[in-house]
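Remarks on the structure that follows.
All chains are named by letter (A, B, ...) in the order of the sequence lines, taking the proteins before the strands, and each is independently numbered beginning at 1.
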There are 2 protein chains.
Amino acid sequence: MAAQQSHSKKIVLSAEQEERLSQRLRSAQLRLTRQRVLLAHLLFRDGNRHVTADGLYEEARMVGLSISQATIYNTLNQFLEAGLLREVIVDSHRSYFDTNLGDHHHFYVEETGQLIDVPHDAIQLTQIPSAPSGFDVAGVDVVLRLSVAK
Amino acid sequence: MAAQQSHSKKIVLSAEQEERLSQRLRSAQLRLTRQRVLLAHLLFRDGNRHVTADGLYEEARMVGLSISQATIYNTLNQFLEAGLLREVIVDSHRSYFDTNLGDHHHFYVEETGQLIDVPHDAIQLTQIPSAPSGFDVAGVDVVLRLSVAK
DNA sequence: ATTTGTGCAAATCGTTTGCATCTGA
DNA sequence: TCAGATGCAAACGATTTGCACAAAT
């Protein structure tokens with residue numbers, strides 16, 4: 001299931017890009033290592049995106065970063081803890097990570113693993129039950145499952 | 001993570017119970033084997049419930065059924081395919097199965113793995129976006145994530 | 001110099017599969 | 001009888017971990 005292509009386009013970051021990322025990682029108490037900076041670049045470069053550990057791994061090697069799967073997992077989890085990423089739960093076998101930290105929901109295409117953001121206000125939840133006593137509602141996730149139209 | 005207790009209460013089904021279950025399995029084209037009948041009994045005995053493969057396994061052995069994990073998984077998947085169960089996706093590492101086939105939503109307590117049904121009409125979804133072209137919305141899942149109040 | 005991160009391989013967890021053996025219809 | 005079900009163990013895929021080495025502060 002690994003998108004194995006050989007576009008070994010090396011990535012070079014501009015000074016500003018490098019700087020912006022550095023801020024971000026530093027303020028998350030994370031050391032600036034080659035792999036973290038490049039993964040952060042891949043993740044935060046252009047707008048919001050969704051990744052899978054395996055997907056990010058393939059992408060990283062494709063741009064010429066020498067990195068191990070363990071580091072991918074460790075890094076994603078660190079970013080998660082640091083609040084740089086959010087997890088999206090739509091599949092019971094794979095973890096998805098989302099760079100969009102705002103309040104929003106998702107479309108999910110099971111067949112392809114494709115995730116699409118749904119803006120928060122595109123869904124009107126006019127009534128939700130209160131939490132059972134002893135609990136608080138910590139979050140409301142809405143997943144619109146898509147299937148290919150026939 | 002295995003709730004290991006030794007309440008080896010053997011289960012004996014009444015004639016009517018046996019009969020009701022038999023109908024159900026037969027109409028799903030499933031043979032009446034000892035393990036299937038007993039698992040079905042555990043699942044459908046009292047109202048709607050949620051199980052995890054491991055949870056059901058522990059429960060089955062606790063009531064004295066000799067069964068393997070493989071059979072638990074196979075059976076759950078068969079029941080799923082046969083439409084006797086539904087899957088609930090709330091955790092990216094574990095699969096949950098729900099005997100409630102109706103339209104409804106869930107509360108989920110991550111710390112304990114507890115799942116609680118939320119009636120369909122307890123949540124008012126007054127507006128949902130239409131599917132991107134080429135797709136249909138096959139389902140809408142709402143998960144209210146609970147945390148222990150402090 | 002010290003602390004923290006990295007790569008690798010081995011370990012783990014949930015789940016699936018192959019195959020020889022049973023068992024229900 | 002014999003297709004289909006079961007148990008076991010091995011295989012699997014995703015993820016985590018232990019440890020020696022390397023790099024960042």
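- Nearest to the side chain of A:Ser66, among C:dG7, D:dG7, D:dT6, sits C:dG7.
- Taking the side chain as every heavy atom from C-beta outward, A:Leu101 and A:Asn48 never approach each other to under 4.5 Å.
- Residue B:Leu30 contributes atom CG, which lies 7 Å from atom P of D:dA5 at whole-angstrom precision.
- If you measure from atom CG of B:Asp54 to atom P of C:dT15, you get 9 Å, rounded to the nearest angstrom.
- Nucleotide D:dG7 holds its C1' atom 11 Å from the CZ atom of B:Arg61, rounded to whole Å.
- The listed nucleotides are C:dT15, C:dG7, C:dA25; the one nearest the side chain of A:Ile67 is C:dG7.
- Side-chain contact check for A:Ser92 and B:Glu87: at least one donor-acceptor pair (N or O, by modelled atom type) lies under 3.5 Å.
- A:Ser147 approaches B:Ala138 most closely through the heavy-atom pair OG-CB, 3.8 Å.
- A salt bridge links B:Arg49 to B:Glu59: one of the charged nitrogens lies within less than 4.0 Å of a carboxylate oxygen.
- Across B:Ser130 and A:Phe107, no two heavy atoms sit closer than the pair O-CZ, 3.5 Å.
- The separation between A:Asp91 atom CG and D:dT15 atom P is 9 Å, rounded to whole Å.
- If you check D:dA23, D:dC8, C:dG14 against the side chain of B:Ala70, the one that comes closest is D:dC8.
- Counting all heavy atoms, side chain and backbone alike, B:Ala53 lies closest to B:Ile72 at O-CG2, 3.6 Å.
- Nearer the 5' end of DNA chain D, as judged by each residue's closest nucleotide, is the contact made by B:Ser68, out of B:His93 and B:Ser68.
- With ring centers used as reference points, B:His106 lies under 6.0 Å from B:His50.
- When heavy atoms are screened at a 4.0 angstrom cut-off, A:Ser92 is found touching no nucleic acid atom at all.
- Note on A:Gln35: a side-chain N or O is less than 4.0 Å away from OP1 or OP2 of C:dG7.
- Distance CG (B:Leu56) to C1' (C:dT15): 15 Å, rounded to an integer number of Å.
- The rotation axes computed at either terminus of the helix from C:dA1-D:dT25 to C:dA25-D:dT1 lie 30° apart, taking five pairs at each end and rounding to 10 degrees.
- Within a heavy-atom distance below 4.0 Å of DNA chain D, the residues of residues 71-88 of chain A found are A:Tyr73, A:Asn74, A:Asn77.
- The structure places OG of B:Ser95 at 9.0 Å from CG of B:Leu76, a figure rounded to the nearest 0.5 Å.
- Taking the nucleotide of DNA chain C with the nearest heavy atom to each of B:Thr33 and B:Ala53, the more 5' of the two is matched to B:Ala53.
- Counting heavy atoms from C-beta on, the side chains of A:Phe135 and B:Val109 come closer than 4.5 Å.
- Here D:dA24 presents its P atom at 14 Å from CG of A:Leu38, a figure rounded to the nearest Å.
- Comparing B:Arg34 and B:Tyr96 by the nucleotide of DNA chain C whose heavy atom lies nearest to each, the residue mapping closer to the 5' end is B:Tyr96.
- Atoms OH (A:Tyr57) and P (C:dC8) sit 8 Å apart, rounded to a whole Å.
- Nearest nucleotide to the side chain of A:Arg31, out of C:dT4, D:dA5, C:dG7: C:dT4.
- Here the two rings, on A:Tyr57 and A:Tyr73, have centers that are 6.0 Å apart or farther.
- Between the CZ atom of B:Arg36 and the P atom of C:dG24 there is a distance of 11 Å, given to the nearest Å.
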